[in-house]
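Heads up: the structure comes next, in structure tokens.
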Number of protein chains: 2
Amino acid sequence: MEDIVAQVMRQWERIHPELDITPIAVIGRLNRCVLLLQQAADAPLREHGLTRPEFDILGTLRRLDRELTPSQIAKETFASGAAVTKRVRFLEERELVSRRPDDRDRRVSHLALTEQGRLLIDRLLPEQLGYEGALLEAMAPERQGELAGLLGELLLLLEGRLGVRQP
Amino acid sequence: MEDIVAQVMRQWERIHPELDITPIAVIGRLNRCVLLLQQAADAPLREHGLTRPEFDILGTLRRLDRELTPSQIAKETFASGAAVTKRVRFLEERELVSRRPDDRDRRVSHLALTEQGRLLIDRLLPEQLGYEGALLEAMAPERQGELAGLLGELLLLLEGRLGVRQP
DNA sequence: TCCCTATATTTTACAGATAAAACACCAGGT
DNA sequence: ACCTGGTGTTTTATCTGTAAAATATAGGGA
């Protein structure tokens with residue numbers, strides 16, 4: 001059986017036989033997979049009133065297990081500064097994250113999980129991972145491994161080429 | 001060398017050694033790849049004043065090579081009806097797409113590429129594909145093929161599970 | 001015919017994202 | 001001490017996307 005992107009590729013082939021459409025095989029499928037996943041995979045988060053980027057901020061603070069400034073969070077979560085400002089304000093209002101001013105530099109603040117925030121992420125993460133695992137379970141583990149490996153290769157390449165390094 | 005997601009996984013491992021974090025290997029990398037690609041891969045489109053979803057509508061009309069109703073476009077491009085309404089209005093204003101009322105059912109309209117629209121997509125598609133190809137070229141073609149195959153497998157699985165079929 | 005329900009599309013109201021500007025502050029040179 | 005250029009963060013204006021309501025119409029049955 002053929003996936004949607006294969007059908008699309010055959011349609012293009014018919015219209016423009018001279019064109020090299022192989023990039024679609026990778027990029028088209030990536031886009032489509034993520035589109036499908038985004039709508040499905042974030043269900044557990046939504047039940048807790050969180051969006052994926054907000055969850056990412058909590059996760060980042062938890063896994064690095066230390067205070068972070070807004071700019072560090074922006075780099076880690078690959079978001080704009082403005083987006084971080086909004087999300088952090090929301091997380092502060094929900095008392096999942098707290099803010100401490102820097103001693104030396106008064107432009108800077110340091111963000112940390114509150115007790116509540118840590119409890120939430122520690123409860124939510126296994127739930128989220130379990131849910132994602134269930135979505136993937138129809139694919140054999142060794143195939144998942146191959147896929148992960150190739151995606152890692154691609155990601156490394158894109159990171160190098162599009163160049164985003166955190167110090 | 002390790003990609004970002006591998007680092008993230010090791011961080012989680014340290015914090016929660018008991019947790020099965022393998023879903024991150026696939027889903028985390030998918031998300032990150034698409035994030036990086038979206039910012040880079042749509043550059044040629046932006047130069048022509050188009051967003052990716054608008055480009056997708058033009059592409060859909062071109063590759064199916066016939067008139068489509070707004071709902072058919074919504075299904076094909078995996079977008080909401082409201083989003084299609086807006087994008088089509090924009091494309092009509094730019095005279096890339098034209099609209100014809102249905103003879104029998106006056107709720108329905110049929111959309112088609114204008115001459116201008118067809119010229120644009122036929123010029124833009126090779127440019128876009130070339131650009132995407134260049135982003136991928138550091139990956140050996142047979143590795144790209146393996147990746148495409150595994151993504152197809154995943155996509156088929158997600159399509160089945162999350163169930164979106166076009167008639 | 002007149003109603004009722006279903007369908008195709010658009011409009012409305014609002015949430016979320018971004019770029020650019022604004023703001024606040026630091027640090028080094030004069 | 002006073003500029004000056006740079007950095008960290010927030011605000012503003014604006015745009016895009018969505019859900020839900022509104023609109024318009026079809027088509028079948030009482």
Side-chain angles (χ1 to χ4, degrees), chain A residues 31 34-36 38-40 42-43 45-46 48-57 60-61 67-94 97-112 164 166-167, chain B residues 31 34-36 38-40 42-43 45-47 49-57 60-61 67-94 97-112 164 166-167:
Chain A
N31 282 323
V34 166
L35 210 54
L36 282 167
Q38 264 172 357
Q39 314 205 348
D42 298 353
L45 305 182
R46 274 192 292 270
H48 289 267
L50 288 177
T51 64
R52 165 70 64 161
E54 285 153 8
F55 175 76
D56 281 347
I57 291 181
T60 302
L61 286 167
E67 291 182 328
L68 293 173
T69 67
S71 351
Q72 288 171 329
I73 291 192
K75 270 182 205 151
E76 277 292 332
T77 62
F78 208 69
S80 70
V84 171
T85 297
K86 282 194 183 178
R87 287 164 195 160
V88 167
R89 173 156 48 224
F90 170 81
L91 293 171
E92 275 185 285
E93 278 163 13
R94 288 196 46 184
V97 159
S98 65
R99 185 186 297 261
R100 181 181 69 75
D102 187 277
D103 303 328
R104 310 269 182 86
D105 187 336
R106 286 191 296 175
R107 289 168 304 179
V108 176
S109 49
H110 298 273
L111 303 166
V164 187
Q166 52 250 302
Chain B
N31 282 322
V34 166
L35 210 55
L36 282 168
Q38 264 172 359
Q39 313 204 351
D42 298 353
L45 305 182
R46 274 193 292 271
E47 276 174 34
L50 288 177
T51 64
R52 164 70 64 162
E54 286 152 7
F55 176 76
D56 281 347
I57 291 181
T60 301
L61 286 167
E67 292 183 327
L68 293 173
T69 67
S71 349
Q72 288 172 328
I73 290 191
K75 270 183 207 151
E76 278 292 332
T77 62
F78 209 70
S80 71
V84 172
T85 297
K86 282 193 183 178
R87 288 163 194 160
V88 167
R89 174 157 48 223
F90 170 81
L91 294 172
E92 276 185 285
E93 276 163 14
R94 289 196 46 186
V97 158
S98 65
R99 184 186 296 260
R100 181 180 69 75
D102 187 278
D103 303 328
R104 309 269 184 85
D105 187 336
R106 286 190 297 174
R107 290 169 305 180
V108 177
S109 50
H110 298 273
L111 303 166
V164 187
Q166 51 251 302

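All values reported here derive from a predicted model rather than from experimental measurement. Chain letters run A, B, ... following the sequence lines, proteins first and then strands; every chain starts at 1.
Remark: C1' of D/dG17 and CZ of B/R52 are 17 Å apart, rounded to the nearest angstrom. Rounded to an integer number of Å, the gap from A/F90 CZ to D/dT10 P is 17 Å. Computed from coordinates, the A/R46 CZ to C/dG16 P distance equals 12 Å when rounded to whole Å. Between B/Q72 atom CD and C/dA8 atom P there is a gap of 10 Å when expressed in whole angstrom units. Rounded to whole Å, the distance from CD on A/Q38 to P on D/dG17 is 13 Å. Here C/dA17 presents its P atom at 12 Å from CG of B/L35, a figure rounded to the nearest Å. Atom CG in A/D102 sits about 11 Å away from atom C1' in C/dC26, given to the nearest Å. Counting to the nearest Å, the C1' atom of D/dA26 and the CG atom of B/D103 are 15 Å from each other.
A/R107 has no side-chain polar atom (N or O) that falls below the 4.0 Å cut-off from OP1 or OP2 of C/dA22. Within the structure, every side-chain polar atom (N or O) of A/T69 is placed at least 4.0 Å from both OP1 and OP2 of D/dG8. OP1 and OP2 of D/dG17 both lie 4.0 Å or more from every side-chain N or O belonging to B/S80.
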Can you check side chain to side chain contact (heavy atoms under 4.5 Å, CB included) on A/L45 and A/R52, steps first, answer last?
-> CA-CA 7 Å; A/L45 305 182; A/R52 165 70 64 161; 4.0 Å; yes
Under the side chain to side chain contact (heavy atoms under 4.5 Å, CB included) rule, what do A/F90 and A/L50 come out as? Steps first, then yes or no, please.
-> CA-CA 10 Å; A/F90 170 81; A/L50 288 177; 4.2 Å; yes
- request: Take A/D56 and A/F78, measure what side chain to side chain contact (heavy atoms under 4.5 Å, CB included) needs, and give me the verdict at the end.
  value: CA-CA 10 Å; A/D56 281 347; A/F78 208 69; over 6 Å; no
Readout for nucleotides 11-16 of chain D: B = base within 4.0 Å of protein heavy atom, S = sugar-phosphate only, - = neither; 5' to 3' it is B-----
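At least one donor-acceptor pair closer than 3.5 Å links the side chain of B/D102 to the backbone N or O of B/D105. Between the A/Q38 side chain and the A/L35 main chain, no donor and acceptor come within less than 3.5 Å of each other. Remark: the backbone N or O of B/R89 is not paired with any side-chain donor or acceptor of B/R99 at under 3.5 angstrom.
B/S98 contributes atom OG, which lies 7.5 Å from atom CD of B/E67 (distance to the nearest 0.5 angstrom).
No hydrogens or angles were tested; on distance alone, nothing pairs the side chain of B/R106 with the base of D/dT25 as donor and acceptor under 3.5 Å.
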